[in-house]
Amino acid sequence: MELFTDTFADIKKYIQGKDCRFLVAAEQKNLWPSGRGRNVVLSDEMGVELGNPRMNSVSCLIWTQKNDLVHDGKVSLIGPDIRESSGKSLPFGKVVLVQVSGFDEETTYDKYKEMESVRYSLDLKGYMIRAVSQYQREWSRISKEAVKNRFSFEILASALRKEYLKKDYIHAVEFLFVTSSAEDVGELQDVTKNVGRAISALNKMLSEIDPDCDECEYNDVCDEVDELKKMKKNRDEKRMNANG
Amino acid sequence: MDKKPKTIALCGKGGVGKTSVSALMVKNLAQRKDLRVLAIDADPAVGLCTALGIQIKKTVDDIRNDLINSIKKGEGQDKTATLKMLDYELFDALTESNNLALLAIGRPESEGCFCKVNSLLKDIIHDLAKNFDVVLIDGEAGVEQINRRVMKTVDHLIIISDTSAKGVNVANTIKHLAQDNKAVDYKSMGMILNRVRNDREVDDIRKNAPLNILGWLPEDDLIREFDFQGRSFINFPDEATACHTVKQIILDLQI
């Protein structure tokens, strides 16, 4: 099911409008050592910080079953790379775009949760991540030592891509990182503001037996997104048939 | 993971100087740059934060109450998402200073039983603690709240008492609760005596208190002054007897 047709188009348009450089996430860049389970970088050891809670930050994951929307391994970076930002705390935007198969009404939400968990499975020495999907926020720290050893968005994206591709229903992964300014991150927040709401609407529709659409906070999203509209219509028809 | 953190919990009757001793221990531990130290202020009065001169942004109970309010509003979510949200909030609640991080538990405000939320928070604190070499918990008088709100198991349970009969009686009660009622799991238990005037007081207490005395701190006007003026114990002079005693106790605990 396609929930993010408009968002894909808006993100592509957003990238085109910015000064962007392109990197590659690939298998051979997966040589970063393990953090051996220690996933905290204290401020004393911190080389670069991305998306501190007191700064602008946005992070989300969107998926499509179409073949031509996701360029596997492509990394778009707007703003400085990690190794160019030593000693700085930067606003942060991140979008992961994945091409998937086998997503239907029954399985989409569970698969979304699986994909959402992938970022927490990274175990890279000197890389810390704290994130909340419902806030669409991501806060990370890279240690001084990791920055010195040239940790980069390419290394991060390569490690993430490897983890995503372990799921048999994920076939391609593309990344967008934004570190340029709070304004650019804010603009990305606008572009992706309905991602979380569309997922919450889907979850609500699946989990509530008899939701009252007029009272529902996601009513507008269900009216905007074709797949959700279809789900709503099917459910209403089933309900009417059941009532005779 | 290379090694497990060593956890120390301090408790004792109110007014015996427990927080000053905790602060001196934190000072000593944080001076060792090879250690990452997590100090947990589990006293609702958040005295350890003051004693260390650290301003806190929010407490674990602020996070807990926010979560309870969102559950009450029907904004529930699955357990994994909740855990990640709590982990983010908890890390945000840490106040960091060099190799030291401080977490304040605070005072619970919501009424009713929210054991599930407490249990989730305890899991997150446990996971966070794994990233440190030493975790020091400054608790309330009782030990049961350490178990209920912070951690189920500690390595060293240290009871602080002054030389008064009341203080020592409370220490014995705490020992009984920990040992016989299993209020908290621990590997070793001992007592630190505070405000001691002479060796005779220590000998007398040793005769009557069936607790291993780890060390004793003298009655010290400077400690009183720091406490009274709200000065940070991080700046307490290293050459003071209290600092030497605390350093020796920490070495004896093999930290």
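These figures come from a predicted structure and were not determined experimentally.
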*Which of residues 93-103 of chain B have a heavy atom under 4.5 Å from any heavy atom of chain A?*
B/Glu96, B/Asn98, B/Asn99, B/Ala101
*Could you look at B/Lys33 and say if it's the side chain, the backbone, both or neither that has a heavy atom under 4.5 Å from chain A?*
neither
Looking only at the side chains, is there a donor atom on one of [X] and [Y] sitting less than 3.5 Å from an acceptor on the other?
| X | Y | answer |
| --- | --- | --- |
| A/Thr107 | A/Asp104 | yes |
| B/Gln31 | B/Asp238 | yes |
| B/Asp155 | B/Thr7 | yes |

*Which atom names give the shortest non-hydrogen contact between A/Val75 and A/Ala157, and what distance separates them?*
CG2-CB, 3.6 Å
_Taking every non-hydrogen atom, the tightest pair across B/Pro237 and B/Cys243_ = O-SG, 3.3 Å
_Contact listing (chain B partner; residues 114-144 of chain A; heavy atom under 4.5 Å)_ = A/Ser117, A/Tyr120, A/Met128, A/Arg130, A/Ala131, A/Val132, A/Gln134, A/Tyr135, A/Arg137, A/Trp139, A/Arg141
*Hey, which residues of residues 90-101 of chain A are touching chain B, say heavy atoms under 4.5 Å apart?*
none
*Listed by chain and number, what are the side-chain hydrogen bond (donor to acceptor under 3.5 Å, both in side chains) partners of B/Asp92, not counting sequence neighbours?*
A/Arg54, B/Lys58
*With rounding to the nearest 0.5 Å, note down the distance linking CG in B/Asp41 to CD1 in B/Ile56.*
7.0 Å
Using a 6.0 Å cut-off, check whether atom [atom1] of [X] has over 12 heavy atoms from anything other than its own residue.
| X | atom1 | value |
| --- | --- | --- |
| A/His171 | NE2 | yes |
| A/Lys193 | NZ | no |
| B/Lys27 | NZ | yes |
| B/Glu225 | CD | yes |

*Taking the six-membered ring of A/Tyr218 as reference, does the NZ or CZ atom of A/Lys204 fall below 6.0 Å from its centre and within a 45° cone about the axis?*
no
*Could you tell me whether A/Asp220 and A/Arg197 make a salt bridge, using a distance below 4.0 angstrom between a side-chain N and a carboxylate O?*
yes
